[in-house]
Student: 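So that we are looking at the same thing, I have put the structure below in structure tokens.
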Amino acid sequence: MKHWKDKMAPELASFVSRVGFDGIELPIRDGFQVEPETAWKTLPQFAKQLNEQGVNIYSVAASTDESIFAACSEAGVPLIRIMVNIDQDGYKATEERTKRKLEALVPLCEKYGVKVGIQQHYGNYIIDSNGIMQLMHQINPEHIGVVWDAAHDAFAGQQPEYGLDIVWSHLAMVNLKNGFFLRSNGPEAETAEWKRHFTTGRHGMAHWPRIASYVKERNYAGVICLTAEYTDLANKDRYITEDLAYAKSLFK
């Protein structure tokens, strides 16, 4: 719901229900409905207001500070979603450091009953399913899991069935979004450059019907999150409504 941060709980719940969702992922960031410094108080209040209209918070995009774990536990939010930014000392050093950080989070997961989910992301992050699973060695999936993102695995060139199979043991949530590459400079340029265009579910490189077929065959019963990631944000309300209807037709 990062693109609807201007909506307070009653209005957001009304919008979400009208579109057809039963829950959201809520960013806990400065300038959003719930901010990190006051999350211990405002997250449970916000969740309660949404719950009163039949809307759940299935995950938050936030840091892994203990205060966030405590707020999630109090609010009944089961998952904190994070990503791994590659630091200046390089990929392998970041990977090893992240493994140690995840191991250190396990006691907090146990204490508060809240899971951490790591998502792949293009660019200066761990970008694909294989990379994410390198972090999962000897990590209990009850505590630390994977948020598999359809668009970002597609940008990395992964087939959806393979990407899902790679992370299946630790799969905590499925993110549905879509996109494709566009040439960002002309043919007269000395070197081609490309950008990513985020689009609706039917029109990107991630094949939603194949994803739906695979997770249904394996009886996946977890959360499927439509992230509303669109380059054209001016029409986001129409796009997310259409995408939800499309997703429901595939997963029914």
Student: Roughly how far, to the nearest 0.5 Å, is the CG atom of L171 from the OG atom of S129?
Tutor: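 It comes to 9.5 Å.
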Student: Between V174 and M205, is there a shared hydrophobic cluster once you connect ILVMFWY residues whose side-chain heavy atoms come closer than 4.5 Å?
Tutor: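 Not linked; separate clusters.
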Student: Could you check whether any side-chain N or O of N124 sits under 3.5 Å from a backbone N or O of I86, counting only pairs where one atom can act as donor and the other as acceptor?
Tutor: no
Student: With rounding to the nearest 0.5 Å, note down the distance linking NZ in K48 to CD in E74.
Tutor: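 Reported value, rounded in 0.5 Å steps: 12.0 Å.
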Student: Do Y239 and D232 come close enough that some side-chain heavy atom pair is under 4.5 Å?
Tutor: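 Contact flag for Y239/D232 side chains = yes.
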Student: At their closest point, which heavy atom of R183 faces which heavy atom of P187, and how far apart are they?
Tutor: NH2-CA, 3.8 Å
Student: Are I132 and I166 connected into the same hydrophobic cluster when the rule is that any two of I, L, V, M, F, W, Y join if their side-chain heavy atoms are below 4.5 Å apart?
Tutor: yes
Student: Quick one, L12 and Q49 - any side-chain contact, counting heavy atoms below 4.5 Å?
Tutor: no
Student: Could you walk me through whether V215 and F251 pass side chain to side chain contact (heavy atoms under 4.5 Å, CB included), step by step?
Tutor: CA-CA 9 Å; V215 299; F251 285 90; 3.4 Å; yes
Student: Of all heavy-atom pairs between P78 and I57, which one has the smallest distance, and what is that distance?
Tutor: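 Heavy atoms only, the tightest pair is CD-O, 3.7 Å.
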Student: Does the distance from a Lys or Arg side-chain N to an Asp or Glu carboxylate O, for E103 and R100, drop under 4.0 Å?
Tutor: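 Judged by the 4.0 Å cut-off on N to carboxylate O distance, E103 and R100 do not form a salt bridge.
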Student: Looking at K195, I'd like to know if its NZ atom is crowded, meaning that more than 12 non-hydrogen atoms belonging to other residues, nucleotides or ligands lie closer than 6.0 Å.
Tutor: no
Student: Check for a donor-acceptor pair, side chain of D243 on one end and backbone N or O of G201 on the other, with a separation under 3.5 Å.
Tutor: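 Confirmed, D243 side chain pairs with G201 backbone.
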Student: Do K177 and H152 have side chains that approach each other closer than 4.5 Å (heavy atoms only, starting at C-beta)?
Tutor: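 K177 reaches H152 side chain to side chain.
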Student: Looking at side-chain heavy atoms only, is the closest gap between L164 and Y220 below 4.5 Å?
Tutor: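 Side-chain contact under 4.5 Å: no.
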Student: Which heavy atom of L182 sits nearest to which heavy atom of H197, and what is that distance?
Tutor: CD1-CB, 3.8 Å
Student: To the nearest 0.5 Å, tell me how far Q138 CD sits from I144 CD1.
Tutor: 14.0 Å
Student: Does K7 qualify as a cation-pi partner of F15, given the criterion of NZ or CZ under 6.0 Å from the six-membered ring centre and within 45 degrees of its axis?
Tutor: yes
Student: With side chain to side chain contact (heavy atoms under 4.5 Å, CB included) as the test, would you mind laying out the steps for N85 and Y125 before giving the verdict?
Tutor: CA-CA 4 Å; N85 194 302; Y125 295 87; 3.8 Å; yes
Student: Quick one: does F69's side chain get under 4.5 Å of K111's, heavy atoms only?
Tutor: no
Student: With a 4.5 Å limit on heavy-atom distance, are the side chains of R97 and D89 in contact?
Tutor: yes
Student: Counting distance only, does the side-chain N/O of D149 pair as donor-acceptor with the main-chain N or O of L176 below 3.5 Å?
Tutor: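 Checked: no pair found.
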Student: Checking the side chain of Q33 only, and the main-chain atoms of W4 only, is there a donor and an acceptor separated by less than 3.5 Å?
Tutor: yes
Student: Can you get from I82 to I127 by hopping between Ile, Leu, Val, Met, Phe, Trp and Tyr side chains that sit under 4.5 Å apart?
Tutor: no
Student: Is a side-chain donor or acceptor of T241 paired with a backbone partner of D237 at a separation under 3.5 angstrom?
Tutor: yes
Student: Centroid separation under 6.0 Å, is that true for the rings of F198 and F155?
Tutor: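 Judged by ring-centre distance (under 6.0 Å), F155 and F198 do meet the cut-off.
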Student: Evaluate side chain to side chain contact (heavy atoms under 4.5 Å, CB included) for I80 paired with V114, printing each intermediate quantity in order.
Tutor: CA-CA 7 Å; I80 301 170; V114 176; 3.8 Å; yes
Student: Are I126 and Y162 linked, directly or through other ILVMFWY residues, by side chains that come within less than 4.5 angstrom of each other?
Tutor: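 No: no chain of side-chain contacts under 4.5 Å links I126 to Y162.
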Student: Between E35 and T42, is there a side-chain heavy-atom distance shorter than 4.5 Å?
Tutor: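 SC-SC contact between T42 and E35 ruled out.
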Student: Which heavy atom of L250 sits nearest to which heavy atom of W208, and what is that distance?
Tutor: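 Heavy-atom minimum between the residues: CD1-CB, 3.7 Å.
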Student: Donor-acceptor pair, distance only, cut-off 3.5 Å: does the side chain of S59 make one with the backbone of L79?
Tutor: no
Student: Counting heavy atoms not belonging to K41, are there more than 12 under 6.0 Å from its NZ?
Tutor: no
Student: Please identify which of these residues, M83, M173, Q120, H170, meets the side chain to side chain contact (heavy atoms under 4.5 Å, CB included) condition with V147.
Tutor: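 It is M173; the other options fail the test.
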Student: Taking all non-hydrogen atoms of both residues into account, name the closest pair between I28 and L43 and its distance.
Tutor: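 Minimum heavy-atom separation between I28 and L43: CD1-CD2, 4.0 Å.
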Student: Compare all side-chain heavy atoms of F32 with those of L26 and state whether any distance is below 4.5 angstrom.
Tutor: no
Student: Are the side chain of K5 and the backbone N or O of R29 linked by a donor-acceptor pair below 3.5 Å?
Tutor: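 Flag not set: sc K5 to bb R29 has no pair under 3.5 Å.
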Student: I need the minimum non-hydrogen distance between G163 and D153, along with the two atoms involved.
Tutor: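 Shortest heavy-atom contact: CA-OD2, 3.4 Å.
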Student: As an exercise, state the distance from NE2 of H137 to CG of L102, rounded to the nearest 0.5 Å.
Tutor: 13.5 Å
Student: Would you say E242 has more than 12 foreign heavy atoms packed within less than 6.0 Å of its CD?
Tutor: yes
Student: Could you go step by step and tell me if W168 and W148 meet the side chain to side chain contact (heavy atoms under 4.5 Å, CB included) rule?
Tutor: CA-CA 9 Å; W168 197 262; W148 182 83; over 6 Å; no
Student: Is there a continuous path of hydrophobic side-chain contacts, each under 4.5 Å between heavy atoms, that joins I139 to V146?
Tutor: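 They do share one cluster, since a chain of ILVMFWY contacts under 4.5 Å joins I139 to V146.
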Student: Please answer whether the main-chain N or O of P141 pairs with a side-chain N or O of K115 as donor and acceptor at a distance below 3.5 Å.
Tutor: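 A pair under 3.5 Å: yes.
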